[in-house]
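Everything on this sheet refers to the single structure shown next.
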Amino acid sequence: MDIKELTIQSALEGFQKKKFTVVDVVRACLANIQKYNDDYHALLTVVDEKTLLCQAEKIDKTDYSLPLSGIPIVLKDLFTTTGLRTTAGSKVLEHYTPVYDATVVARLKAAGAIIIGKANQDAWGHGSSGENTDYIPAKNPYDPSRVPGGSSSGSAVAVALGMCLASTGTDTGSSVRGPAAFCNLVGLKPTYGRVSRYGIIAMASSFDTIGHITKTVYDNALMCEITAGKDAYDATTGDQQVPTYSQGLDGTLRGKTIGLPKEYFELKGMDPRVRDATQAAIKKMEDLGARVIEVSLPHTTVAMACYYILVPSEVSSNLARFDGVRFGCGRETFGLEAKRRVMIGTYALSSGYYDAYYQTAAKIRTLIKKDFDDVFTKVDAIVAPSSPTLPFTIGERSSDPVAMYLSDIFMCPVNISGVPAVNVPCGFVGDLPVGLQIIGPQFGEQNIYQIASVYEKATEWYKRTTPV
Ligand code: GLN
């Protein structure tokens, strides 16, 4: 068993058929943590070995009947966990240990998962590269001179390096899809309100979504069906029934219409090698039976401006609770990016500027949502690259916030409008992975998972594991 190749699906099968035990898998994950974490900085906290092995032994005595029996999982460090340090990647919470589990954590545990550790991230979720962590930034396992994507940086690195079989992340503007794209993994940003945000340290509450990072579409669909659904603790969760996403992933793309947004493909900053890989993927989808048409999302050009008014506004409000009085360190402990966002948000919300900034951006948000609604009357899914570039080198964009913000140009509009999207690996340029984004209408997770899965099975890019 090679843990870097092992999926949740094959691990569950291996346990059932007694090919290996949960103890074997947990030990293999711990060995990889030991081997790689000092160089790649994926995890900020690791649960102690004795506790983990004790849990594993207990599950090995059962018939592995739970949907995630014995599956080692890493959580982004802004999911609250009872008795386990939760920093949100920030020094403000360096010594904070929560007294309750986030709903998603409770659901994963109830499904039999083993929480192996907490992943590094851009502090509070602010970033696209992992470099805004208040700790040591994680590195890309396909090329350690490059970033792994962010803000769920450690979550992706931990899966790629076999420190766990799957991880959780949050996606407010890109943060599950981006690191999944840069690390050759599958990452879903669900519909806003599909998965409970209870117990997640909030970034921008009307944008935050909870997704998972896995090796395959099947594994992702399984994690999503376990964690999604109504939660009495989060009034924004919808009571739509949760489909069994992991079923019905086979088939062809016959009968599906896929839209290519012309504004995305006209973007000047798109790396031609990313464009080529994306076009090859689209061609493959046509071969698999899809009909491909051009569509238009006319407000794409103002999406980032809209995002970077609304999100910091919500950030400035959410971060106000970290006053160092009841828990956490004082406000002087905030890093530079958090301070920048608090200042921009406070400014945009202040009297005299509110109409010009916040309110205008809120109106643009409605127009962007309408762009997507209009397109989804004509197509089943929209396909585009997740990122316009390959994983960039560490330091390349950290001194230029605007360049950093633009790396999310194809992903942020999805959060502005609330629809779901999944990243699926779609090729390599040299050693560097390229990710394809498949966007669907509200609560259309089942459909985009199916499209992603058919494509994945026809290409199998996920099988190319890290060179280390
Ligand atoms: N990169 C985006 C930002 O910095 C998105 C972050 C996220 O999704 N958490 O805001």
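Order of listing sets the numbers, starting from 1, for every ligand and every atom in it. The residues of the chain are indexed from 1 along the displayed sequence. Excluded from the calculations below are hydrogen atoms, water molecules and symmetry mates; all remaining heavy atoms, backbone and side chain alike, are included.
Under a cutoff of 6.0 Å and an axis angle of 45°, R365 and F207 form a cation-pi pair.
Ring pair Y198/Y233 is parallel by interplanar angle, where below 30° counts as parallel and above 60° as perpendicular. A perpendicular orientation is assigned to the rings of F322 and F327, their planes being inclined by more than 60° (bins at 30° and 60°).
From L336, atom CG reaches atom CZ of R340 across 6.5 Å, with rounding to the nearest 0.5 Å.
A salt bridge is defined here as a Lys NZ or Arg NE, NH1 or NH2 lying under 4.0 Å from an Asp or Glu carboxylate O, and D355 with K363 fails to meet this definition.
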List the steps and the verdict of side chain to side chain contact (heavy atoms under 4.5 Å, CB included) for K91 and C329.
CA-CA 8 Å; K91 290 274 178 182; C329 305; over 6 Å; no
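Under 4.0 Å from any atom of ligand 1, one finds heavy atoms of residues G125, H126, G127, S128, S151, D171, T172, G173, S174, S175, M203, Y307, Y308, R341, D408.
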